[in-house]
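In what follows, chains carry the letters A, B, and so on, assigned in the order in which the sequence lines appear, proteins first and then strands, with residues in each chain numbered from 1.
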Amino acid sequence: MGTSVFYLVAFLSIFFSLMVIFAKNPVHSVLYLIVTFFTFTVHYILLNAQFLAVVNFIVYMGAIMVLFLFVLMLLNLNTDNEPLKSVLVKVVGVIGGCCLVVTLIGSLKATAASDPLILVNPNLGLVKNLGKELFGPFMLPFELSSILLLTAMVGAVLLTKKEKV
Amino acid sequence: MDNITQNLQGVPLNHYIWLSAIIFSIGVIGVLTRRNAIVIFMSVELMLNAVNLLLAAFSVHNNDPSGQVFVFFIMVLAAAEVAVGLSIIVMIYRNTQSTDINVLNRLKW
(Lines give C-alpha, C1' and ligand atoms only; values in the text may rest on other atoms or scores of the structure.)
Protein backbone atom coordinates (compact mmCIF):
# COMPACT_ATOMS: atom_id res chain seq x y z
CA MET A 1 0.00 0.00 0.00
CA GLY A 2 2.57 2.54 1.13
CA THR A 3 2.19 5.98 -0.34
CA SER A 4 -0.30 4.97 -3.02
CA VAL A 5 -3.21 6.41 -0.98
CA PHE A 6 -1.70 9.87 -1.34
CA TYR A 7 -1.29 9.54 -5.09
CA LEU A 8 -4.82 8.19 -5.55
CA VAL A 9 -6.32 11.07 -3.53
CA ALA A 10 -4.09 13.59 -5.30
CA PHE A 11 -5.30 12.32 -8.68
CA LEU A 12 -8.90 12.59 -7.49
CA SER A 13 -8.38 16.18 -6.28
CA ILE A 14 -6.88 17.25 -9.59
CA PHE A 15 -9.58 15.48 -11.58
CA PHE A 16 -12.47 16.96 -9.63
CA SER A 17 -10.99 20.46 -9.55
CA LEU A 18 -10.72 20.25 -13.33
CA MET A 19 -14.37 19.22 -13.43
CA VAL A 20 -15.25 22.28 -11.30
CA ILE A 21 -13.98 24.73 -13.86
CA PHE A 22 -15.09 22.82 -16.97
CA ALA A 23 -18.63 21.88 -15.92
CA LYS A 24 -21.21 23.89 -17.86
CA ASN A 25 -23.90 23.91 -15.19
CA PRO A 26 -22.97 25.96 -12.08
CA VAL A 27 -24.82 23.54 -9.79
CA HIS A 28 -22.64 20.69 -11.07
CA SER A 29 -19.61 22.90 -10.39
CA VAL A 30 -20.69 23.30 -6.76
CA LEU A 31 -21.20 19.54 -6.38
CA TYR A 32 -17.76 18.80 -7.85
CA LEU A 33 -16.32 21.45 -5.52
CA ILE A 34 -17.79 19.57 -2.55
CA VAL A 35 -16.03 16.38 -3.70
CA THR A 36 -12.79 18.32 -4.15
CA PHE A 37 -13.03 19.65 -0.60
CA PHE A 38 -13.66 16.12 0.62
CA THR A 39 -10.43 14.96 -1.00
CA PHE A 40 -8.66 17.84 0.76
CA THR A 41 -10.09 16.56 4.04
CA VAL A 42 -8.57 13.16 3.27
CA HIS A 43 -5.24 14.88 2.62
CA TYR A 44 -5.41 16.51 6.06
CA ILE A 45 -6.16 13.16 7.67
CA LEU A 46 -3.15 11.67 5.86
CA LEU A 47 -1.04 14.50 7.30
CA ASN A 48 -2.50 13.62 10.73
CA ALA A 49 -3.90 17.16 11.03
CA GLN A 50 -7.15 16.03 12.61
CA PHE A 51 -8.31 19.46 13.77
CA LEU A 52 -7.89 20.88 10.28
CA ALA A 53 -9.70 17.90 8.77
CA VAL A 54 -12.73 18.42 11.00
CA VAL A 55 -12.76 22.20 10.50
CA ASN A 56 -12.38 21.78 6.73
CA PHE A 57 -15.26 19.32 6.73
CA ILE A 58 -17.56 21.58 8.75
CA VAL A 59 -16.65 25.00 7.36
CA TYR A 60 -16.03 24.28 3.68
CA MET A 61 -18.28 21.30 2.99
CA GLY A 62 -20.98 22.55 5.35
CA ALA A 63 -21.21 26.30 5.58
CA ILE A 64 -19.60 27.62 2.41
CA MET A 65 -21.16 25.05 0.11
CA VAL A 66 -24.63 25.67 1.55
CA LEU A 67 -24.05 29.38 0.91
CA PHE A 68 -23.04 28.76 -2.71
CA LEU A 69 -25.95 26.39 -3.41
CA PHE A 70 -28.39 28.72 -1.67
CA VAL A 71 -27.35 31.70 -3.80
CA LEU A 72 -27.42 29.60 -6.99
CA MET A 73 -30.92 28.36 -6.28
CA LEU A 74 -32.10 31.79 -5.09
CA LEU A 75 -30.93 33.53 -8.25
CA ASN A 76 -32.30 30.68 -10.38
CA LEU A 77 -29.00 30.30 -12.19
CA ASN A 78 -29.15 26.52 -12.38
CA THR A 79 -29.56 26.60 -16.12
CA ASP A 80 -26.58 26.31 -18.41
CA ASN A 81 -27.23 29.54 -20.30
CA GLU A 82 -23.97 31.11 -19.26
CA PRO A 83 -22.62 33.23 -22.10
CA LEU A 84 -19.30 31.67 -22.98
CA LYS A 85 -16.12 33.55 -23.51
CA SER A 86 -14.60 33.48 -26.95
CA VAL A 87 -12.41 30.53 -27.86
CA LEU A 88 -9.37 32.79 -28.09
CA VAL A 89 -9.73 33.96 -24.47
CA LYS A 90 -10.21 30.36 -23.31
CA VAL A 91 -7.13 29.08 -25.15
CA VAL A 92 -5.03 31.97 -23.90
CA GLY A 93 -6.27 31.38 -20.33
CA VAL A 94 -5.42 27.68 -20.44
CA ILE A 95 -2.00 28.38 -21.95
CA GLY A 96 -1.33 31.00 -19.26
CA GLY A 97 -2.31 28.54 -16.52
CA CYS A 98 -0.05 25.83 -17.96
CA CYS A 99 2.81 28.34 -18.10
CA LEU A 100 2.18 29.09 -14.42
CA VAL A 101 2.40 25.36 -13.58
CA VAL A 102 5.63 24.98 -15.53
CA THR A 103 7.16 28.07 -13.93
CA LEU A 104 6.22 27.07 -10.38
CA ILE A 105 7.38 23.47 -10.71
CA GLY A 106 10.54 24.46 -12.58
CA SER A 107 11.53 27.06 -10.01
CA LEU A 108 10.81 24.64 -7.15
CA LYS A 109 12.89 21.94 -8.81
CA ALA A 110 15.89 24.24 -8.44
CA THR A 111 15.49 24.33 -4.67
CA ALA A 112 15.53 20.50 -4.54
CA ALA A 113 13.77 20.11 -1.20
CA SER A 114 12.65 16.56 -1.86
CA ASP A 115 13.27 14.79 1.42
CA PRO A 116 10.33 12.62 2.43
CA LEU A 117 7.76 14.03 4.79
CA ILE A 118 8.11 12.41 8.22
CA LEU A 119 5.80 13.14 11.11
CA VAL A 120 8.19 13.70 14.00
CA ASN A 121 5.59 14.56 16.60
CA PRO A 122 2.35 12.57 16.14
CA ASN A 123 0.46 15.03 18.36
CA LEU A 124 1.22 17.94 16.03
CA GLY A 125 -2.21 18.45 14.51
CA LEU A 126 -4.35 17.42 17.47
CA VAL A 127 -6.80 19.79 19.11
CA LYS A 128 -4.86 19.98 22.37
CA ASN A 129 -1.64 21.06 20.72
CA LEU A 130 -3.27 23.54 18.35
CA GLY A 131 -5.42 24.99 21.12
CA LYS A 132 -2.35 25.75 23.19
CA GLU A 133 -0.82 27.45 20.16
CA LEU A 134 -4.01 29.34 19.31
CA PHE A 135 -4.61 30.69 22.80
CA GLY A 136 -0.93 31.32 23.49
CA PRO A 137 1.14 33.21 20.91
CA PHE A 138 -1.80 33.68 18.51
CA MET A 139 -4.26 35.10 21.03
CA LEU A 140 -4.54 38.58 19.47
CA PRO A 141 -5.09 37.39 15.85
CA PHE A 142 -7.63 34.89 17.12
CA GLU A 143 -9.65 37.61 18.82
CA LEU A 144 -9.26 39.92 15.81
CA SER A 145 -10.66 37.21 13.54
CA SER A 146 -13.88 37.28 15.56
CA ILE A 147 -14.14 41.02 14.82
CA LEU A 148 -13.50 40.20 11.15
CA LEU A 149 -16.37 37.72 11.12
CA LEU A 150 -18.66 40.26 12.81
CA THR A 151 -17.68 42.86 10.21
CA ALA A 152 -18.37 40.41 7.39
CA MET A 153 -21.79 39.61 8.83
CA VAL A 154 -22.75 43.30 9.15
CA GLY A 155 -21.43 43.98 5.67
CA ALA A 156 -23.36 41.11 4.11
CA VAL A 157 -26.59 42.19 5.77
CA LEU A 158 -26.10 45.83 4.73
CA LEU A 159 -25.23 44.93 1.14
CA THR A 160 -28.21 42.67 0.56
CA LYS A 161 -30.74 44.91 2.30
CA LYS A 162 -33.22 46.40 -0.13
CA GLU A 163 -32.93 50.14 -0.21
CA LYS A 164 -35.94 52.32 0.32
CA VAL A 165 -37.25 53.56 -2.99
CA MET B 1 -4.46 6.26 13.25
CA ASP B 2 -0.91 4.89 13.48
CA ASN B 3 -1.54 2.87 10.36
CA ILE B 4 -2.60 5.96 8.41
CA THR B 5 0.42 7.87 9.65
CA GLN B 6 2.66 5.05 8.46
CA ASN B 7 1.38 5.64 4.94
CA LEU B 8 2.56 9.21 5.15
CA GLN B 9 6.18 8.17 5.52
CA GLY B 10 7.86 8.43 2.17
CA VAL B 11 5.75 10.92 0.26
CA PRO B 12 8.32 13.52 -0.75
CA LEU B 13 7.61 17.14 0.09
CA ASN B 14 8.05 17.98 -3.59
CA HIS B 15 4.93 16.03 -4.48
CA TYR B 16 2.85 18.11 -2.10
CA ILE B 17 4.30 21.24 -3.70
CA TRP B 18 3.46 19.93 -7.19
CA LEU B 19 -0.08 19.03 -6.20
CA SER B 20 -0.64 22.48 -4.68
CA ALA B 21 0.88 24.23 -7.70
CA ILE B 22 -1.34 22.26 -10.10
CA ILE B 23 -4.53 22.94 -8.15
CA PHE B 24 -3.62 26.62 -7.72
CA SER B 25 -3.11 26.89 -11.47
CA ILE B 26 -6.44 25.16 -12.12
CA GLY B 27 -8.01 27.89 -10.01
CA VAL B 28 -6.19 30.55 -12.04
CA ILE B 29 -7.43 28.98 -15.29
CA GLY B 30 -10.97 28.99 -13.89
CA VAL B 31 -10.76 32.69 -13.06
CA LEU B 32 -9.40 33.47 -16.53
CA THR B 33 -11.80 31.41 -18.63
CA ARG B 34 -15.20 31.58 -16.93
CA ARG B 35 -17.70 34.42 -17.03
CA ASN B 36 -20.13 33.41 -14.30
CA ALA B 37 -19.17 35.34 -11.16
CA ILE B 38 -20.12 32.46 -8.85
CA VAL B 39 -17.87 30.00 -10.70
CA ILE B 40 -15.05 32.53 -10.43
CA PHE B 41 -15.62 32.59 -6.67
CA MET B 42 -15.36 28.80 -6.60
CA SER B 43 -12.02 29.02 -8.44
CA VAL B 44 -10.77 31.46 -5.79
CA GLU B 45 -11.81 28.92 -3.16
CA LEU B 46 -9.77 26.26 -4.99
CA MET B 47 -6.71 28.52 -4.88
CA LEU B 48 -7.17 29.18 -1.15
CA ASN B 49 -7.44 25.45 -0.51
CA ALA B 50 -4.27 24.67 -2.45
CA VAL B 51 -2.40 27.14 -0.25
CA ASN B 52 -3.98 25.60 2.86
CA LEU B 53 -2.78 22.13 1.92
CA LEU B 54 0.74 23.41 1.27
CA LEU B 55 0.82 25.21 4.64
CA ALA B 56 -0.28 22.04 6.41
CA ALA B 57 2.37 19.97 4.60
CA PHE B 58 5.12 22.42 5.51
CA SER B 59 3.86 22.52 9.08
CA VAL B 60 4.37 18.75 9.29
CA HIS B 61 7.72 19.06 7.53
CA ASN B 62 9.06 21.64 10.00
CA ASN B 63 7.26 20.11 13.00
CA ASP B 64 5.78 23.53 13.77
CA PRO B 65 2.09 23.93 14.66
CA SER B 66 2.05 27.61 13.57
CA GLY B 67 1.41 26.56 9.97
CA GLN B 68 -1.81 24.81 10.93
CA VAL B 69 -2.90 27.89 12.91
CA PHE B 70 -2.39 29.95 9.74
CA VAL B 71 -4.60 27.49 7.85
CA PHE B 72 -7.27 28.11 10.47
CA PHE B 73 -7.01 31.87 9.94
CA ILE B 74 -7.20 31.43 6.16
CA MET B 75 -10.41 29.45 6.63
CA VAL B 76 -11.87 32.31 8.72
CA LEU B 77 -10.86 34.74 5.99
CA ALA B 78 -12.43 32.55 3.29
CA ALA B 79 -15.71 32.37 5.17
CA ALA B 80 -15.85 36.17 5.53
CA GLU B 81 -14.85 36.65 1.89
CA VAL B 82 -17.52 34.28 0.59
CA ALA B 83 -20.24 35.93 2.68
CA VAL B 84 -19.43 39.45 1.48
CA GLY B 85 -18.72 38.36 -2.10
CA LEU B 86 -21.94 36.42 -2.50
CA SER B 87 -23.93 39.34 -1.08
CA ILE B 88 -22.28 41.61 -3.66
CA ILE B 89 -23.26 39.09 -6.36
CA VAL B 90 -26.86 39.07 -5.10
CA MET B 91 -26.89 42.88 -5.24
CA ILE B 92 -25.47 42.88 -8.78
CA TYR B 93 -28.05 40.32 -9.86
CA ARG B 94 -30.82 42.49 -8.44
CA ASN B 95 -29.62 45.43 -10.53
CA THR B 96 -28.62 43.74 -13.80
CA GLN B 97 -30.53 40.41 -13.81
CA SER B 98 -27.37 38.43 -14.52
CA THR B 99 -24.11 37.40 -12.92
CA ASP B 100 -22.09 37.83 -16.08
CA ILE B 101 -18.90 39.68 -15.19
CA ASN B 102 -18.75 41.31 -18.62
CA VAL B 103 -21.78 43.38 -17.61
CA LEU B 104 -19.58 44.92 -14.96
CA ASN B 105 -16.98 46.32 -17.34
CA ARG B 106 -18.11 49.84 -16.51
CA LEU B 107 -15.96 49.44 -13.39
CA LYS B 108 -12.97 49.82 -15.69
CA TRP B 109 -13.52 53.51 -16.28
Among [options], who wins on heavy-atom pairs under 4.5 Å with chain B?
options	result
Ala156(A), Cys99(A), Cys98(A)	Ala156(A)
Val91(A), Leu67(A), Val55(A)	Leu67(A)
Leu134(A), Thr36(A), Thr151(A)	Leu134(A)

Any non-hydrogen side-chain atom of [X] less than 4.5 Å from a side-chain atom of [Y]?
X	Y	value
Leu148(A)	Leu77(B)	yes
Asn14(B)	Leu108(A)	no
Tyr44(A)	Val71(B)	yes
Ile23(B)	Phe40(A)	yes

From [X] [atom1] over to [Y] [atom2], what is the distance, rounded to the nearest 0.5 angstrom?
X	Y	atom1	atom2	answer
Asn36(B)	Asn25(A)	CG	CG	10.0 Å
Ile95(A)	Ile29(B)	CD1	CD1	10.5 Å
Gln68(B)	Leu52(A)	CD	CG	5.0 Å
Ile89(B)	Thr160(A)	CD1	OG1	12.5 Å
Asp64(B)	Glu133(A)	CG	CD	6.5 Å
Leu18(A)	Ile26(B)	CG	CD1	4.0 Å

Subject >> Minimum heavy-atom distance Val89(A)-Thr33(B), with the two atoms named >> reply: O-CG2, 4.4 Å

Original post:
So which heavy atom on Val101(A) is nearest to which on Ala21(B), and how close?
Top reply: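 Looks like CG2-O, 4.5 Å.
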
Chain A contact via [X] - which portion, at a heavy-atom distance below 4.5 Å:
X	answer
Val28(B)	side chain
Met42(B)	both
Phe41(B)	both
Phe58(B)	neither
Leu53(B)	both

Original post:
Does a side chain donor of either His43(A) or Tyr16(B) reach within less than 3.5 Å of an acceptor in the other side chain?
Top reply: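 Side-chain D/A pair, His43(A) to Tyr16(B): absent.
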
Cluster overlap [X] with [Y], hydrophobic side-chain contacts below 4.5 Å:
X	Y	result
Val157(A)	Met91(B)	no
Phe72(B)	Met139(A)	yes
Leu126(A)	Val42(A)	no
Ile64(A)	Ile58(A)	no
Val59(A)	Val127(A)	yes

With a 4.5 angstrom heavy-atom cut-off, could you sort out which part of [X] is near chain B: side chain, backbone, both or neither?
X	answer
Val30(A)	both
Leu104(A)	side chain
Pro137(A)	neither
Ala10(A)	both
Lys161(A)	backbone

Subject >> Residue among Phe142(A), Phe138(A), Phe51(A) satisfying side chain to side chain contact (heavy atoms under 4.5 Å, CB included) with Val69(B) >> reply: Phe138(A)

**OP:** Begin from the C-alpha positions of Leu33(A) and Leu46(B) and carry the test side chain to side chain contact (heavy atoms under 4.5 Å, CB included) through to its verdict.
**Re:** CA-CA 8 Å; Leu33(A) 195 62; Leu46(B) 270 183; 4.0 Å; yes

Original post:
Ala83(B), Ser66(B), Ala50(B), Gly30(B): which one forms the most heavy-atom pairs within less than 4.5 Å of chain A?
Top reply: Ser66(B)

Original post:
Taking every heavy-atom pair that is under 4.5 Å apart, which of Ala79(B), Ala56(B), Gly85(B) has the most such pairs with chain A?
Top reply: Ala56(B)

Subject >> side chain to side chain contact (heavy atoms under 4.5 Å, CB included) between Val60(B) and Asn48(A), worked out >> reply: CA-CA 9 Å; Val60(B) 170; Asn48(A) 207 13; over 6 Å; no

Original post:
Around atom OH of Tyr7(A), are there more than 12 heavy atoms of other residues, nucleotides or ligands at under 6.0 Å?
Top reply: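 More than 12 heavy atoms, drawn from other residues, nucleotides or ligands, come within 6.0 Å of this atom.
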
Original post:
Near Phe57(A) CZ, under 6.0 Å, is it more than 12 heavy atoms from other residues, nucleotides or ligands?
Top reply: no

**OP:** Go through Asn56(A) and Asn49(B) one step at a time and tell me if the side chain to side chain contact (heavy atoms under 4.5 Å, CB included) criterion holds.
**Re:** CA-CA 9 Å; Asn56(A) 194 58; Asn49(B) 263 286; 3.8 Å; yes

